[in-house]
Protein chains: 2
Amino acid sequence: MLNLNHLRIFYHAAKNQNFTAAAKELFITQPAVSAQIKSFENDCSLTFFKKRGRKVHLTDEGYNLYEYSKKIFEYEHLIENAIEEMRELKCGLLRLGTTKAYARYFMPFMISTFRDKYPEIKIQLDEGSSLEMIHSLLSFRNEVAVIARAEDHPDVKFIPFTQEEIILIVSPNHPFAKRGSVSVQDLAKESIIMKELGSGTRKRINELFASCGLTPDVLMETGNAEFIKQLVQRGEGISFIVKEAVRTELKEKTLATAKIEGRRIDLDVSVAYLKNQHLSPPAKAFLTMLDMLEPKDLTLKGIGTLMAQMLAARKRKAEMMKDIKRKTK
Amino acid sequence: MLNLNHLRIFYHAAKNQNFTAAAKELFITQPAVSAQIKSFENDCSLTFFKKRGRKVHLTDEGYNLYEYSKKIFEYEHLIENAIEEMRELKCGLLRLGTTKAYARYFMPFMISTFRDKYPEIKIQLDEGSSLEMIHSLLSFRNEVAVIARAEDHPDVKFIPFTQEEIILIVSPNHPFAKRGSVSVQDLAKESIIMKELGSGTRKRINELFASCGLTPDVLMETGNAEFIKQLVQRGEGISFIVKEAVRTELKEKTLATAKIEGRRIDLDVSVAYLKNQHLSPPAKAFLTMLDMLEPKDLTLKGIGTLMAQMLAARKRKAEMMKDIKRKTK
DNA sequence: TATGATCCATAAATAAATTTTATGTATGAT
DNA sequence: ATCATACATAAAATTTATTTATGGATCATA
């Protein structure tokens, strides 16, 4: 049974070919190094260092052993990283950005699933428009964001998570409420209450009008979905919103909808994070839970664990989506 | 900087999922294990074991760490072996067998070259006929033998080292001494002093006669080369012997020789050792010096060292042979 | 449901190891 | 010759690891 403490001191001494330097690296004094090396050589019945002049140099045996010891301390470093990762996973912080509008109804489920597995990780939830959230990633305020894929950015990786339908909402008294469907031309004649700049919904709606060579008549714009709903209810204008966000209002008939001439507008809900940027273990864990992490980003996990996690994550994701649908209906 | 002592105790505890068993393996008491694990967990701010009933089991973190720690202690084992090897190389024993007859004149050189490189290794030199030396390998009395390849054995590996010429020797007064060459038929009419059974020389001479359908007229047999020389000198009979062994006698004309009708009889000098048997580091070193070790037998040497050694050995061998020729002439 | 065995935890005492302090010696540069 | 550098040594101090002794929980079993 090797004395790995001795080996560590030997390793530093061999690396530097200098006991004093080794002592500095190890935060001990030079006589401590001398003593430990001596004791180690004694235990092995071998000589690893020879003094020539006022310098020490490795013997053949010492060199041979040094080659071996290098690897063990490289490996030790891996273990230290693994421990650090586990610690962060136990008591780290997940800085998560979302859009209030539509993420709200499945965000709680995602978070509670995550907290279930990593009860010690604190979660910091940040809200804003899709564009704001992309900026929050770039400025390192958040590490991961669940947002609409509104605008691409070369440094941000978007991974599609699910799709949300955007529907037209009008006041129940509005003529459109009686019609099965309306044309884009019809819509262009109406006053529109638009989501704020940077919103994914707004982007899709602008594209809708543009595809017909039209521009929407924007009455006002806001980021507050509640405000939009209220204005539409009062007949101040029409708007477009994620279907899930107005499920109750439609059921209770406080808002009405109409199809847009056979078109279906979908919003891609994506998980976004910075490309080529180190992800904290909590962020990795979150993405792994969603099965959205590239394998190359998982280097420090044990391979066995990783495979199991990937398979489990795939299952979890499917179940999660089912659960969300069930719980929100 | 990880406490590898803690890690070792953790490793044994994890392997056994039992602190008491770990303590036994480590030759310490159970409270020592408990205390060290506790201190380790504290240092890492993680929990590696949980108690369930009266048993302990690994947490996820503990399992993860265990997977890592396995490798480090596997590797430690390699280092221990390397140290053991180096130690044996420093103070081991080389048990070497030889044939007195012809090996004598280059054996001293081989040994002094070896002692030069491994001054601490004791050398035990054993002498006997080729066959006796093969038996000495099989009975583990010797590890390596420098002998004539007289008889093969399935468990013994022979590696040709050099060749020695066997010549006819006769008394200077013998009629053959005046003739340039003699036929095998001529030889068959003479009384022959034969080397003992198991000798490589004897084997080649028997083959020589057999190839002509003849049998030698053996006056007597002995393993003692000096005795053979004296008997031949006195004209009691003729004999065959390795040329190098009678160099002086031929020069001083106390013995004469004659060619055997255009034939040249060579004896293969080989280095022999047991196949599929672990070789001690001194034996390996000896064979490496002669560049005669199969690469697969060198597993524990560092690769860099090995390559250098192989190249150096090749050079050394060539020089050694040159040197031997020079010194014995 | 007592009983004993097994297994881990804790605490105080002890032992072992590592490290420091203080100092010495040799070497090489100026 | 002198000084700075670098390792060695010895004794003392400190830190770390281990043991001894004991307690508590669990589980099988009689």
Side-chain angles (χ1 to χ4, degrees), chain A residues 1-59 61-63 65-66 69 72-73 76 80 83, chain B residues 1-59 61-63 65-66 69 72-73 76 80 83:
Chain A
M1 219 166 58
L2 207 58
N3 182 331
L4 294 173
N5 231 25
H6 285 171
L7 190 70
R8 186 198 301 282
I9 292 178
F10 162 83
Y11 166 70
H12 284 270
K15 183 164 57 124
N16 293 291
Q17 306 240 359
N18 178 326
F19 287 11
T20 310
K24 271 191 190 133
E25 284 186 353
L26 291 160
F27 304 103
I28 56 178
T29 59
Q30 168 265 310
V33 173
S34 288
Q36 295 293 74
I37 298 268
K38 193 177 165 189
S39 149
F40 186 39
E41 288 184 329
N42 219 53
D43 293 349
C44 297
S45 316
L46 286 169
T47 308
F48 297 130
F49 293 96
K50 281 250 181 279
K51 238 180 117 166
R52 200 159 52 186
R54 61 179 174 182
K55 297 209 175 237
V56 285
H57 65 105
L58 286 165
T59 60
E61 288 78 32
Y63 186 73
L65 184 63
Y66 173 56
S69 63
I72 221 166
F73 293 108
E76 183 202 23
E80 284 176 328
I83 290 173
Chain B
M1 220 167 55
L2 208 57
N3 183 329
L4 294 174
N5 229 26
H6 285 171
L7 191 68
R8 187 199 301 284
I9 292 177
F10 163 82
Y11 166 70
H12 284 270
K15 184 165 56 123
N16 293 291
Q17 305 243 359
N18 176 327
F19 287 12
T20 310
K24 272 190 192 133
E25 283 186 354
L26 291 160
F27 302 103
I28 55 178
T29 57
Q30 167 265 311
V33 173
S34 288
Q36 294 293 75
I37 298 268
K38 193 177 166 189
S39 149
F40 186 39
E41 287 184 332
N42 219 52
D43 292 350
C44 296
S45 315
L46 285 170
T47 307
F48 298 129
F49 293 97
K50 281 247 181 283
K51 238 180 116 167
R52 200 159 51 186
R54 61 179 174 184
K55 296 206 177 245
V56 285
H57 65 107
L58 287 165
T59 60
E61 288 79 32
Y63 185 73
L65 184 63
Y66 173 57
S69 64
I72 221 165
F73 293 109
E76 183 202 22
E80 283 176 327
I83 290 174

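Letters A, B, ... are given to chains in the order of the sequence lines, protein chains preceding strands, and every chain is numbered from 1.
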Quiz item: Which part of the nucleic acid, if any, lies within contact of A:K55, taking any heavy atom under 4.0 Å across all strands shown: a base, the sugar-phosphate backbone alone, or nothing?
Solution: nothing
Quiz item: Once you round to the nearest 0.5 Å, how far does CG of A:L65 lie from CG of A:L58?
Solution: 9.0 Å
Self-check item: Interatomic distance, A:Q36 CD vs D:dA10 C1' [rounded to whole Å]
Solution: 15 Å
Quiz item: In whole Å, what is the span from the CG atom of A:L26 to the P atom of C:dA17?
Solution: 20 Å
Self-check item: Minimum-distance nucleotide to A:N18 side chain [options: D:dT9, D:dC7, D:dT18]
Solution: D:dC7
Quiz item: Counting side-chain heavy atoms from C-beta on, which of D:dT9, C:dT18, D:dA17 comes nearest to A:H6?
Solution: C:dT18
Practice problem: Considering just the side-chain nitrogens and oxygens of B:K38, establish if one lies under 4.0 Å of OP1 or OP2 belonging to C:dC8. | Solution: no
Quiz item: Counting side-chain heavy atoms from C-beta on, which of C:dG28, D:dT26, C:dT19 comes nearest to A:T29?
Solution: C:dT19
Self-check item: N or O in side chain of A:S34 less than 4.0 angstrom from D:dC7 OP1/OP2
Solution: no
Quiz item: Is the base of D:dA6 touched by the side chain of A:Q30 through a donor-acceptor pair closer than 3.5 angstrom?
Solution: no
Self-check item: Whole-Å gap separating C1' (D:dC7) and NZ (A:K51)
Solution: 4 Å
Self-check item: d(CG, B:N42; P, D:dT16) in whole Å
Solution: 13 Å
Quiz prompt | Euclidean distance, atom CG of residue B:N5 to atom C1' of C:dA16 [Å, nearest integer] | solution = 12 Å
Practice problem: Using a heavy-atom cut-off of under 4.0 Å over every strand shown, decide if A:V33 touches base, sugar-phosphate, or nothing. | Solution: nothing
Quiz item: Considering only side-chain heavy atoms of B:I28, which listed nucleotide, C:dA9, D:dT18, D:dA6, is closest?
Solution: D:dT18
Quiz item: Nearest nucleotide by nearest heavy atom, which residue falls closer to the 5' end of DNA chain C, A:I9 or A:G53?
Solution: A:I9
Practice problem: Under 4.0 Å between any heavy atoms, over every strand shown, what does A:N3 touch: base, sugar-phosphate, or nothing? Just pick one. | Solution: sugar-phosphate
Exercise. Check the angle between the aromatic planes of A:F49 and A:F19 and answer parallel, tilted or perpendicular using the 30° and 60° thresholds.
Key: perpendicular
Quiz item: Does any N or O in the side chain of A:N16 come within less than 3.5 Å of the main-chain N or O of A:H12, such that one atom is a donor and the other an acceptor?
Solution: yes
Self-check item: Shortest side-chain distance from B:R54, nucleotide among D:dA4, C:dA5, D:dC7
Solution: C:dA5
Self-check item: Pairwise side-chain contact, B:L26 with B:R8, heavy-atom cut-off 4.5 Å (strictly under)
Solution: yes
Quiz item: Rounded to the Å, how far apart are A:R52 CZ and C:dG28 P?
Solution: 10 Å
Quiz item: OP1 or OP2 of D:dC7 less than 4.0 angstrom from a side-chain nitrogen or oxygen of A:T20, does that happen here?
Solution: yes
Quiz item: Hey, is the main chain of B:T47 close enough, under 3.5 Å, to the side chain of B:T59 for a donor-acceptor pair?
Solution: yes
